[in-house]
Amino acid sequence: MIKLTLPDGSVREYAAGVTGADVAASIGARLAKDALAIKVGDRVRDLSWPITADAPIQILTFDSPEGREVFWHSSAHLMAQAVTEVLPGTKLAIGPPIEEGFYYDFDPPRPFTTDDLEKFEKRMGEIVAEDAPFVRKECSLAEARKTFGDRQEKYKLEILEKIEGEEQQASMYSHSRFQDLCRGPHVPSTGRLKSFKLLSIAGAYWRDAEGNPQLQRIYGVSFPDKKRLEEFVQRREEAKKRDHRHLGKQLKLFSIQEGSGAGLVLWHPKGAFIRRKIEEFWYKRHQESGYELVYSPHIARLKLWDVSGHTGFYAENMFPPFDVENNPHQLKPMNCPFHILIYQSDLQSYRDLPKRWAEMGTVYRFERGGVLHGLFRVRGFTQDDAHIFCRRDQVEEEIGTVLDFCLSIYGAFGFNDVSISLSTRPAKAIGEEADWQMAEEALRNAIVRRGKTYKVDEGGGAFYGPKIDLHVKDAIGRPWQCGTIQFDFNLPERFDLTYVGTDGKKHRPVMVHRALLGSLERFFGILIEHHAGVFPVWLAPEQAIILSVTEKVNDYAAQLQRELETAGVRVRLDDRPEKIGMKIREAETLKIPYMLVVGDRESQSHSVAVRAHGGQDLGTKSVAEFAELIHSQDGPAGDSVTQP
RNA sequence: GCCCAUGUAGCUCAGUCGGUAGAGCACAUCCUUGGUAAGGAUGAGGUCACCGGUUCAAAUCCGGUCGUGGGCUCCA
């Protein structure tokens with residue numbers, strides 16, 4: 001008999017050789033039905049795997065990340081069978097699960113088309129209906145080589161070459177008429193893979209290396225039931241509706257035009273208004289929080305970037321230098337060297353630290369054409385940057401303060417679900433081991449002391465220091481990386497930064513880079529998608545629009561506009577001779593928070609009929625009441641609202 | 001940068017087999033004075049992204065460039 005420990009700590013006894021399927025069945029019928037795989041110790045196995053020794057186990061279902069991985073991996077095999085059957089001669093590369101779904105890379109006799117996807121899906125459905133079991137078979141490497149050699153699966157042979165030396169045996173998984181080289185594990189049978197959807201076709205290099213043959217990748221996603229697939233489809237549609245590129249055009253917020261250049265953003269008046277609101281708020285909060293504002297130029301002598309090292313390690317992201325009176329100059333990809341020059345311009349005493357210098361600094365980075373994407377990936381953007389120069393004994397408190405500051409800023413924009421990751425020392429790093437430990441400790445403590453949880457990205461730090469990255473979750477649950485807090489052991493050395501300590505000697509300060517929103521462009525894009533274009537009152541360029549029912553009340557409407565403007569409300573008047581339904585429709589599509597319908601009734605009682613965006617009727621209000629309503633919402637979330 | 005797709009009116013998009021261009025919305029003018037998501041009429045608006053090639057003839061076929069989209073790659 002062997003003892004298996006369940007996740008809840010309970011121990012059950014089974015005969016040696018018991019399978020995951022048996023164990024699941026012994027626990028409950030529901031679990032047996034949902035079980036996809038089993039975790040034995042820290043290895044995930046097929047449900048048919050015989051367990052021969054005591055171990056902690058966990059039955060994996062679709063509700064666990066590992067269960068989903070297995071499910072999607074099996075789905076990739078399912079798709080591969082369909083593709084090879086529909087398009088014989090298609091060679092197989094690899095087909096792993098990904099964050100949400102799976103893909104498989106193929107080398108087909110001809111490129112796939114969108115129509116192909118439907119054919120593949122149809123065949124996949126047939127294979128699911130077969131409910132064919134996934135069967136694992138171990139074989140020698142030589143045997144595997146022969147199998148795939150016969151089938152002229154050159155990519156599989158390459159994988160086998162790589163495995164050689166690492167493994168003694170190869171494993172094959174087959175189901176229905178399909179067999180693939182695979183480590184596994186897999187779900188018990190194709191019948192589990194009920195609901196799936198093939199999403200897109202993309203090019204991808206074999207082994208992700210440019211220069212290698214380009215393969216055709218098909219992305220797909222699958223779920224154990226229809227409902228979850230429908231939810232997924234709905235989520236995608238919702239995301240599409242919120243796409244900041246469409247909303248940006250529809251609401252006249254910004255544009256990126258061929259005439260000015262790819263990846264370069266034009267802020268139109270309404271977008272610029274919102275940006276200005278964000279900036280004003282940002283400046284105010286920084287000044288209240290011990291930062292001093294600085295400005296720096298957009299270009300500098302190339303020499304500066306030599307000293308900072310950017311011409312070396314950052315060259316591929318910089319625009320080419322240009323000549324200024326025989327002096328090469330460089331468009332700035334970062335703000336830090338300028339802040340450092342400010343630091344160096346004076347003798348710094350320990351008494352004066354920390355220095356916290358913040359700047360909305362516009363930087364230009366060369367991004368390859370193919371990666372540009374709306375406001376999310378651009379070539380010119382404004383970082384909400386700051387650099388903190390401090391003593392070692394100040395580090396931990398500084399980091400903590402930055403973290404608090406950051407979270408409060410996110411809260412003001414309605415982002416309260418923030419996830420934190422800590423990236424530690426990479427293999428290739430500069431600086432002393434002790435410094436790294438100190439820095440990582442400081443970052444860790446700052447997070448832990450605030451009772452926050454965090455993920456560790458081992459080795460994910462920059463070569464010059466560890467960092468914290470902050471991700472905000474938007475209204476439909478998507479995470480976006482915004483903030484970053486990074487230690488830098490590199491630049492203080494390169495620029496030989498010092499301060500005079502209590503001992504009268506020179507000491508090296510610690511430098512921390514930080515951005516909260518990241519880039520204004522990107523953050524604006526996130527805000528647009530988060531709010532689906534319906535900006536909160538404090539950011540909305542137009543907070544309300546007066547809609548006159550007939551031209552007879554236009555005088556009253558105009559008077560109303562003056563009164564509301566005097567009361568500090570951003571209000572526009574639509575007094576065109578159009579029907580009220582038409583005006584409402586337009587105001588709705590413009591996503592103006594409040595519509596004020598005025599006709600004879602309102603004109604006589606000196607009031608407004610308030611309709612909120614989306615259709616909610618807030619009834620009739622006096623001018624003062626409505627102005628009060630706007631004032632109560634005219635500030636960042638959680639901020640005390642300033643009365644005009 | 002690479003692969004695939006794509007670029008037609010301000011926007012969304014038709015345009016068949018190569019025969020010199022269309023709709024809806026938006027815009028302008030006029031009519032309509034209408035109470036919570038599209039009232040009507042008329043009109044104007046295009047070097048079919050750009051450059052080159054094939055052809056009697058190119059929005060259409062071919063090549064290149066640029067932009068955009070989905071990916072890949074990269075990401076101090």
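For the numbers below, each heavy atom of this structure counts, side chains included, while hydrogens, waters and symmetry mates do not. Worth saying up front: this structure is predicted, and the values here are computed from it rather than measured. Convention: sequence-line order gives letters A, B, ...; per-chain numbering from 1.
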Taking [atom1] from [X] and [atom2] from [N], how many angstroms apart are they, rounded to a whole number?
X: A:Y219; N: B:rC4; atom1: OH; atom2: P; value: 16 Å
X: A:K249; N: B:rG7; atom1: NZ; atom2: P; value: 14 Å
X: A:L590; N: B:rC11; atom1: CG; atom2: P; value: 17 Å
X: A:L372; N: B:rC74; atom1: CG; atom2: C1'; value: 13 Å
X: A:M595; N: B:rA37; atom1: CE; atom2: C1'; value: 9 Å
X: A:I256; N: B:rG67; atom1: CD1; atom2: P; value: 12 Å
X: A:L264; N: B:rG67; atom1: CG; atom2: C1'; value: 12 Å
X: A:Q257; N: B:rC66; atom1: CD; atom2: P; value: 19 Å

Just compare [options] and give me whichever is closest to any side-chain atom of [X].
X: A:R585; options: B:rG35, B:rA37, B:rG34; result: B:rA37
X: A:I584; options: B:rA37, B:rG39, B:rC74; result: B:rA37
X: A:P577; options: B:rU36, B:rG67, B:rU32; result: B:rU32
X: A:E578; options: B:rG35, B:rG39, B:rC72; result: B:rG39
X: A:A609; options: B:rG1, B:rG35, B:rU68; result: B:rG35
X: A:R377; options: B:rG35, B:rC74, B:rU73; result: B:rC74
X: A:R576; options: B:rU68, B:rC4, B:rC27; result: B:rC27
X: A:E316; options: B:rG71, B:rC74, B:rG34; result: B:rC74
X: A:E258; options: B:rC66, B:rC72, B:rC75; result: B:rC66

Please tell me which of A:V371 and A:F366 maps to the more 5' nucleotide of RNA chain B, matching each residue to the nucleotide holding its nearest heavy atom.
A:F366
Toward the 5' end of RNA chain B, which comes first, A:G369 or A:V598, by nearest nucleotide?
A:G369
[N] and [M]: how far apart are their [atom1] atoms, nearest whole angstrom?
N: B:rG45; M: B:rG53; atom1: C1'; answer: 32 Å
N: B:rG19; M: B:rC62; atom1: P; answer: 15 Å
N: B:rG15; M: B:rG7; atom1: P; answer: 10 Å
N: B:rG64; M: B:rG22; atom1: P; answer: 32 Å
N: B:rU42; M: B:rU32; atom1: C1'; answer: 15 Å
N: B:rC31; M: B:rG67; atom1: C1'; answer: 43 Å
N: B:rU16; M: B:rC3; atom1: C1'; answer: 30 Å
N: B:rC51; M: B:rA44; atom1: C1'; answer: 31 Å

Would you say [X] reaches [N]'s phosphate, i.e. side-chain N/O to OP1/OP2 under 4.0 Å?
X: A:R245; N: B:rU68; result: no
X: A:H373; N: B:rG71; result: no
X: A:Y103; N: B:rG70; result: no
X: A:K579; N: B:rG40; result: no

Would you mind classifying the nucleic acid contact of A:Q616 as base, sugar-phosphate or nothing, using non-hydrogen atoms under 4.0 angstrom?
nothing
Name the nucleic acid region contacted by A:M334, choosing base, sugar-phosphate or nothing; use a 4.0 angstrom heavy-atom cut-off, strictly under.
base
Ring-face cation contact, A:F338 with A:K332, 6.0 Å cut, 45° max:
yes
Report yes or no: is there a donor-acceptor pair, N or O only, under 3.5 Å between the side chain of A:Q216 and the base of B:rG71?
no
Would a distance-only check, ignoring hydrogens and angles, find a side-chain to backbone donor-acceptor pair under 3.5 Å from [X] to [Y]?
X: A:E521; Y: A:T382; answer: yes
X: A:D385; Y: A:G361; answer: no
X: A:E625; Y: A:S622; answer: yes

Watson-Crick or G-U counterpart of [N], or none if no pair lies under 3.5 Å:
N: B:rC13; answer: B:rG22
N: B:rG7; answer: B:rC66
N: B:rA41; answer: B:rU29
N: B:rG34; answer: none
N: B:rG1; answer: B:rC72

Report the C-alpha separation of A:W480 and A:F523 in whole Å, then their side-chain angles, then the decisive distance to 0.1 Å, and conclude whether the ring pair (Phe, Tyr, Trp, His ring centres under 6.0 Å) test is met.
CA-CA 9 Å; A:W480 300 95; A:F523 186 73; over 10 Å; no
Between A:D105 and A:R217, does any NZ, NE, NH1 or NH2 come within less than 4.0 Å of an OD or OE carboxylate oxygen?
yes
Aromatic plane relationship, A:H373 with A:F376 - under 30° parallel, 30 to 60° tilted, over 60° perpendicular
parallel
Please report the shortest heavy-atom distance between A:S548 and A:N554, naming the atom on each side.
OG-OD1, 2.9 Å
